[in-house]
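In what follows, a structure is listed as structure tokens, so that the remarks can point back to it.
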Protein chains: 2
Amino acid sequence: MKEIYIETAKEGLQRQGYKLTGPRLAIIRYLAGEKGHPDIRQIFTRIRSEHPGIGIATVYRTVDLLLELGFLRAITIKKNQLRYEVNWPGDHHHHLVCKGCGRVIEFGSCNFQLISKEIEKVTRFRIEEHILEAYGLCHDCLPGKQHYSTEKM
Amino acid sequence: MKEIYIETAKEGLQRQGYKLTGPRLAIIRYLAGEKGHPDIRQIFTRIRSEHPGIGIATVYRTVDLLLELGFLRAITIKKNQLRYEVNWPGDHHHHLVCKGCGRVIEFGSCNFQLISKEIEKVTRFRIEEHILEAYGLCHDCLPGKQHYSTEKM
DNA sequence: GATGCAGTTGATAAAGATTATCATTTATTA
DNA sequence: TAATAAATGATAATCTTTATCAACTGCATC
């Protein structure tokens with residue numbers, strides 16, 4: 001799975017005329033193995049540990065490129081802080097974000113397609129993708145259990 | 001409707017021990033009459049035209065406060081740019097964002113409650129709110145009509 | 001394998017956005 | 001009206017993101 005993603009991304013870049021450079025490959029490989037939802041800074045820090053000398057600007061540029069080509073998805077967990085995740089082919093999921101501890105839980109069920117056709121008809125809009133994020137409290141942070149993290153939403 | 005919102009927000013602030021200051025009232029009144037989805041800078045500029053001397057820091061502080069008290073909602077239209085809208089009581093809608101011109105269309109239909117109970121049961125998460133945003137092309141920007149705006153997403 | 005070139009990179013400056021600080025002002029209560 | 005804590009505006013400080021540009025590199029061609 002991970003290897004397929006890496007190969008697909010490499011082919012995608014080349015097919016669109018982008019070069020397969022060291023920094024780009026390092027970023028793709030790192031992301032393919034990342035299960036969480038890192039932000040730019042985390043990506044930068046992790047890459048630099050194995051690829052010293054990489055510049056933050058390159059991380060910004062590459063992430064933007066991967067977003068554009070559809071190999072990454074951006075989600076908003078905390079305000080003013082985008083986080084990224086691999087856009088595995090065929091995968092479709094959304095996020096539960098805990099307001100207490102900041103934990104992110106993925107869930108796959110989504111019934112949006114039941115109404116998207118109707119919305120398209122009424123609004124004459126062509127929907128290409130959607131993002132659904134739910135906010136609340138995870139089991140550990142529900143009242144009664146006082147396990148709130150200090151991380152502020 | 002607009003007046004009710006203003007009064008409700010005023011009461012809300014006072015009930016929670018916050019003072020009803022000139023800048024706060026000006027921001028609340030402006031937002032109550034705003035139909036779009038302004039960002040911080042737009043709010044600041046508009047307020048300053050009728051309330052010269054207001055500081056940008058106060059706008060940040062007040063918007064954060066109104067968000068916290070539930071009188072505002074934040075949405076992500078362009079990456080790294082939050083926009084705000086009044087959280088009218090009882091209103092529940094989502095957004096279609098056109099990748100061509102940036103236009104935002106609101107739609108009310110949302111069938112998320114059909115599955116949210118199931119998600120809560122499986123994940124033991126208590127869902128308090130959710131955000132759904134769909135991206136695509138509005139009728140004017142569909143291929144064939146070349147009316148793309150220069151504003152980049 | 002060497003060469004040429006456009007695309008890419010890293011460093012860093014510049015621009016923008018957000019937050020922190022603090023003296024002054026103001027809403028509210030008594 | 002006076003006392004008080006909260007709020008404000010100015011601005012410094014901090015972060016984040018983008019722009020610039022000389023140096024470098026992947027890749028196509030020979």
Please pick, from [options], the nucleotide with the shortest atom-to-atom distance to any side-chain atom of [X].
X: B:K19; options: C:dG10, D:dT8, C:dT28; answer: C:dT28
X: A:Y60; options: D:dG9, D:dT18, C:dT8; answer: D:dT18
X: A:N80; options: C:dT18, D:dC27, C:dT9; answer: C:dT18

Between [atom2] of [N] and [atom1] of [X], the distance in whole Å:
X: B:R24; N: D:dG9; atom1: CZ; atom2: P; answer: 11 Å
X: B:R15; N: C:dT28; atom1: CZ; atom2: C1'; answer: 18 Å
X: A:I40; N: D:dT17; atom1: CD1; atom2: P; answer: 7 Å
X: B:R83; N: C:dA17; atom1: CZ; atom2: P; answer: 13 Å
X: B:L13; N: D:dT8; atom1: CG; atom2: C1'; answer: 15 Å
X: A:K79; N: D:dT16; atom1: NZ; atom2: P; answer: 14 Å
X: A:I43; N: D:dT16; atom1: CD1; atom2: C1'; answer: 14 Å
X: A:Q16; N: C:dG7; atom1: CD; atom2: P; answer: 15 Å

Inset, instruction - Just call it for A:I56: base, sugar-phosphate, or nothing, with non-hydrogen atoms closer than 4.0 Å on any strand. - result: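 Answer is nothing: A:I56 stays at 4.0 Å or more from every strand.
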Inset, instruction - Establish whether the base of C:dG16 is bridged to the side chain of B:R41 by a donor-acceptor pair shorter than 3.5 Å. - result: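 Side chain to base: no pair present.
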Inset, instruction - Report yes or no: is there a donor-acceptor pair, N or O only, under 3.5 Å between the side chain of A:R61 and the base of C:dG10? - result: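 Such a pair is found, so the answer is yes.
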For [X], does the [atom1] atom have more than 12 heavy-atom neighbours from other residues, nucleotides or ligands under 6.0 Å away?
X: B:L20; atom1: CG; value: yes
X: A:R73; atom1: CZ; value: yes
X: B:L114; atom1: CG; value: yes

Inset, instruction - Return yes if a side-chain donor-acceptor contact under 3.5 Å exists between B:H95 and B:E85, otherwise no. - result: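 Present: a donor and an acceptor within the cut-off.
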Inset, instruction - Check whether any side-chain nitrogen or oxygen of B:T21 sits under 4.0 Å from OP1 or OP2 of C:dT26, and answer yes or no. - result: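 So the side chain of B:T21 is outside the cut-off, no N or O lying under 4.0 Å from OP1 or OP2 of C:dT26.
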Inset, instruction - Establish, with yes or no, whether the OP1 or OP2 oxygen of C:dT28 is under 4.0 angstrom from a side-chain nitrogen or oxygen of B:Q14. - result: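 For B:Q14, the contact criterion (side-chain N or O under 4.0 Å from OP1 or OP2 of C:dT28) is met.
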Inset, instruction - Take B:K78 and B:D39 through the test salt bridge (Lys or Arg N to Asp or Glu O under 4.0 Å) and record every step on the way to the result. - result: CA-CA 11 Å; B:K78 298 168 65 167; B:D39 62 9; over 6 Å; no
Legend entry - Most 5' of B:G22 and B:L82 on DNA chain C, judged by nearest nucleotide: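 Looking at DNA chain C, the more 5' nearest nucleotide goes with B:L82.
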Inset, instruction - Select from B:G17 and B:A57 the residue whose nearest nucleotide in DNA chain D is closer to the 5' end of that strand. - result: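 Its nearest nucleotide being more 5', the pick is B:G17.
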